Amino acid sequence: MRPRFKLMISTEGLVGIWLPIVVITLVHYFTDPHYQWVHDLLRRAYYLPIVIAAIRIGMLGAVITSGVVTMAYIPHAFLHSTHFDPCLL
């Protein structure tokens, strides 16, 4: 395993990349749908772990992280009947 990819499974990677994804996802899932501004903010907050992975690990780290973020967000985006996307207006 390359030294850069060891960062993904190290304590530093856990705190800097994976823990923020879990926290953002949990807050996003449990936020009342009427607080649309919070959902917009949380949707943008997903960019931070991706950027951190890109800086610390490189392009492949960013791609892997964005895939994880996508898989975490898909159920919320498509399975919640009260989901409202302001971009569709």
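From a predicted model like this one, the values you see are computed outputs, not experimental measurements.
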**Q** Look at the aromatic rings of Y46 and Y73 and report parallel, tilted or perpendicular, splitting at 30° and 60°.
**A**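 Plane angle over 60°, so perpendicular.
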**Q** Less than 4.5 Å apart, side chain to side chain, heavy atoms only: is that true for W18 and V68?
**A**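 They are in contact (side-chain heavy atoms under 4.5 Å apart), so the answer is yes.
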**Q** Restricting to side-chain contact (heavy atoms from CB on, under 4.5 Å), what partner residues turn up for V27, sequence neighbours left out?
**A**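 Result, side-chain contact (heavy atoms from CB on, under 4.5 Å) vs V27: V23, T31, L42.
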**Q** Could you give the distance from CD (Q36) to CZ (R43), rounded to the nearest 0.5 Å?
**A**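 Q36 CD to R43 CZ: 6.5 Å, rounded to 0.5 Å.
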**Q** Quick one: list whatever passes side-chain contact (heavy atoms from CB on, under 4.5 Å) with I52, sequence neighbours left out.
**A**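 I52: side-chain contact (heavy atoms from CB on, under 4.5 Å) contacts with I17, R56.
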**Q** Would you say I24 ends up clustered with Y47 if hydrophobic residues are merged whenever their side chains have heavy atoms under 4.5 Å apart, either directly or through other cluster members?
**A**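 No; tracing contacts between hydrophobic side chains, which count when under 4.5 Å, never links both residues.
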**Q** Would you check if T65 and I21 make a side-chain contact, meaning some heavy-atom pair closer than 4.5 Å?
**A**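 Yes, close enough: below the 4.5 Å cut-off.
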**Q** I need the minimum non-hydrogen distance between A53 and G61, along with the two atoms involved.
**A**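 The pair with the smallest heavy-atom distance is CB-O, 3.7 Å.
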**Q** Holding to side-chain contact (heavy atoms from CB on, under 4.5 Å), I want the full list of residues that pass it with A62, two or more places apart in sequence or in another chain.
**A**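 With sequence neighbours excluded, A62 shows a side-chain contact (heavy atoms from CB on, under 4.5 Å) to I50, A54, given in chain and number order.
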**Q** How close do P75 and Y29 get, counting heavy atoms only, and between which atoms?
**A**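 Nearest heavy atoms, P75 then Y29: CB-OH, 3.2 Å.
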**Q** Partners of L48 by side-chain contact (heavy atoms from CB on, under 4.5 Å), sequence neighbours excluded?
**A**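 L48 satisfies side-chain contact (heavy atoms from CB on, under 4.5 Å) with no residue once adjacent residues are dropped.
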